[in-house]
Amino acid sequence: MAHSQSDMDSEIDACQSAYDKAVADGAPARHHPPRDYAPYRSSQLRHPRRPLVPVHGDPEAAELTGPVFGPTDVTATDNDLTLQHRGEPLGERITVSGRLLDRRGRPVRGQLIELWQANASGRYAHQRDRHDEHPAPLDPNFTGVGRTLTDDEGRYAFTTVKPGAYPWGNHANAWRPAHLHFSVFGTAFAQRLVTQMYFPGDPLHPYDPILRSVTDRAARARLVAAYRHELSRPGLSLGYAWDIVLDGPSATWATP
């Protein structure tokens, strides 16, 4: 029988209490969530169970077989997900912008940032997102993917629609809060960071095992964007600010 939301809440609270106690007793803050976070069921099935294999010889050789990305691959409109089809997508239009920074607050320039997301009804344009599991409509004018390069100040920006919440099979009556998936490649493919951005004031935040797997409260708060009225575009979109920090104690946490 599937676990209820109440069962899941108890598990999440137990994990949070254990972490809080460990930190109070002198343990260091965790810089990333555990890969086998029990309330997030699938993480127990896909996290590494064996020691990592070191790359001997030339470590850079391991990156030579990976994808190659360059500025010629990214067009000026790839960061506007509302312009990719003949018609206009449905939903609340938003602009998300921020800076990509290192641990010292310095801009990280010319880096590829990719975004993917559900549409305004909470559906992904993906064959594994099945209508019989979530009977919400797809949007023929919204694919839900975009990309951009950071500028000389490390800034990026996307125009899109706010994604909807959607059910998922982690437990009974499980719903994911609205979120955007981000991928940052850094200077090499092996440096890739994958994370998620959430929206302020979402009532589903306390119930989501993926967000709650970030047990450090300050780090969890950094995954939530801030509404910035000055970033809103008159008559077009609401503005949100969200910076990504690649390393150090203020790093944006990778999600499992």
Practice task
Using atom types as modelled and distance alone, determine if a side-chain donor or acceptor of Trp242 lies under 3.5 Å from a backbone N or O of Arg222.
Solution key: yes
Handout entry: Heavy-atom neighbours of His229 NE2 exceed 12 at 6.0 Å
Key = no
Exercise for the section: Hey, could you give me the CD1/CE distance between Ile12 and Met8, rounded to the nearest 0.5 Å? Expected result: 6.5 Å
Practice task
Could you state whether Val108 and Leu193 fall into the same hydrophobic cluster, counting links through intermediate Ile, Leu, Val, Met, Phe, Trp or Tyr residues with side-chain heavy atoms under 4.5 angstrom apart?
Solution key: yes
Exercise for the section: Answer whether the closest heavy-atom distance between the side chains of Tyr198 and Ile210 falls below 4.5 Å. Expected result: yes
Practice task
Given salt bridge (Lys or Arg N to Asp or Glu O under 4.0 Å), test Asp36 with Arg49 step by step and report yes or no.
Solution key: CA-CA 9 Å; Asp36 58 347; Arg49 296 179 181 274; over 6 Å; no
Problem - Any donor-acceptor N/O pair, His181 side chain to Glu114 backbone, under 3.5 Å - result: no
Practice task
Spell out, yes or no, whether Phe182 and Leu246 are grouped together once hydrophobic residues are joined by side-chain heavy atoms under 4.5 Å, including indirect joins.
Solution key: yes
Practice task
Using a cut-off of 6.0 Å, state whether more than 12 heavy atoms not belonging to Gln127 lie near its atom CD.
Solution key: no
Handout entry: Under-4.0 Å salt bridge between Asp78 and Arg147
Key = yes
Exercise for the section: Consider only side-chain heavy atoms of I, L, V, M, F, W and Y, link residues closer than 4.5 Å, and tell whether Val96 and Val224 are in one cluster. Expected result: yes
Practice task
Report the C-alpha separation of Asp7 and Ser4 in whole Å, then their side-chain angles, then the decisive distance to 0.1 Å, and conclude whether the side chain to side chain donor-acceptor pair (under 3.5 Å) test is met.
Solution key: CA-CA 5 Å; Asp7 296 330; Ser4 68; 3.2 Å; yes
Handout entry: salt_bridge(Glu11, Arg41) N-O dist < 4.0 Å
Key = yes
Handout entry: Minimum-distance pair of heavy atoms, taken over all atoms of Gly144 and Leu81
Key = C-CD2, 3.6 Å
Problem - Donor-acceptor side-chain pairing of Asn170 and Tyr40 below 3.5 angstrom - result: no
Exercise for the section: Can you measure from CZ (Arg128) to CZ (Arg130) and round to the nearest 0.5 angstrom? Expected result: 10.0 Å
Exercise for the section: Report yes if some heavy atom in the side chain of Pro140 is under 4.5 Å from a heavy atom in the side chain of His85; otherwise report no. Expected result: no
Problem - Nearest heavy atoms of Gln111 and Thr150, plus distance in Å - result: N-OG1, 2.9 Å
Handout entry: Shortest non-hydrogen contact from Asp129 toward Gly122
Key = OD2-O, 4.3 Å
Completion exercise
Heavy-atom closest pair (Asp243 atom, Arg99 atom, distance to 0.1 Å) is OD1-N, 2.8 Å
Problem - Same apolar cluster (I L V M F W Y, side chains within < 4.5 Å links), Leu180/Leu238 - result: yes
Problem - Residue list, side-chain hydrogen bond (donor to acceptor under 3.5 Å, both in side chains) with Asp151, at least two apart or on another chain - result: none
Exercise for the section: Indicate whether any N or O donor in one side chain lies under 3.5 Å from an N or O acceptor in the other, for Arg192 and Ser183. Expected result: yes
Exercise for the section: Look up atom OG1 in Thr148 and atom OH in Tyr156, then write down how far apart they are to the nearest 0.5 Å. Expected result: 10.5 Å
Fill in the blank from the handout: Taken to the nearest 0.5 Å, the spacing of Thr75 OG1 from Leu149 CG works out to 10.0 Å
Exercise for the section: Evaluate side-chain contact (heavy atoms from CB on, under 4.5 Å) for Asn173 paired with Tyr207, printing each intermediate quantity in order. Expected result: CA-CA 10 Å; Asn173 199 25; Tyr207 306 104; over 6 Å; no
Problem - ILVMFWY network linking Ile244 to Leu211, side-chain heavy atoms under 4.5 angstrom - result: yes
Completion exercise
d(Arg220 CZ, Arg212 CZ) to nearest 0.5 Å is 5.0 Å
Practice task
Report yes or no: does Gln84 contribute a side-chain atom to a donor-acceptor pair with the main-chain N or O of Val145 at less than 3.5 Å?
Solution key: yes
Fill in the blank from the handout: Heavy-atom closest pair (Thr215 atom, Arg30 atom, distance to 0.1 Å) is OG1-CD, 4.3 Å
Practice task
Provide the closest heavy-atom pair for Asn79 versus Ala157 in the form atom of the first, atom of the second, distance.
Solution key: ND2-O, 2.9 Å
Between side-chain atoms of residues 161-169 and protein atoms elsewhere (two or more places apart, or another chain), which donor-acceptor pairs fall under 3.5 Å?
{"unit_1": "Tyr166", "atom_1": "OH", "unit_2": "Tyr124", "atom_2": "OH", "d": "3.2"}
{"unit_1": "Tyr166", "atom_1": "OH", "unit_2": "His179", "atom_2": "NE2", "d": "3.4"}

Problem - Whether Tyr240 and Tyr227 hold their rings parallel, tilted or perpendicular, with breakpoints at 30° and 60° - result: perpendicular
Exercise for the section: Would you mind reporting whether Arg176 and Asp208 have side-chain heavy atoms less than 4.5 Å apart? Expected result: yes
Exercise for the section: Decide yes or no for Cys15 and Pro39: does some side-chain heavy atom of the first lie under 4.5 Å from some side-chain heavy atom of the second? Expected result: yes
Atom pairs and distances, donor-acceptor, side-chain atoms in residues 86-95, under 3.5 Å, two or more places apart:
{"unit_1": "Glu88", "atom_1": "OE1", "unit_2": "Arg93", "atom_2": "NH2", "d": "3.4"}
{"unit_1": "Thr95", "atom_1": "OG1", "unit_2": "Ser237", "atom_2": "OG", "d": "2.7"}

Problem - Nearest-0.5 Å distance, CG of residue Leu115 to OG1 of residue Thr160 - result: 6.5 Å
Problem - Test item: side-chain donor near acceptor, Ser10 and Asp13, under 3.5 Å - result: no
Problem - Side chain to side chain, Tyr37 and His47, heavy atoms closer than 4.5 Å - result: no
Exercise for the section: With the side chain counted from C-beta on, respond yes when Arg233 and Thr159 share a heavy-atom pair under 4.5 Å apart, and no when they do not. Expected result: yes
Practice task
Examine the side chains of Tyr19 and Arg217 and answer whether a donor and an acceptor come within less than 3.5 Å of each other.
Solution key: no
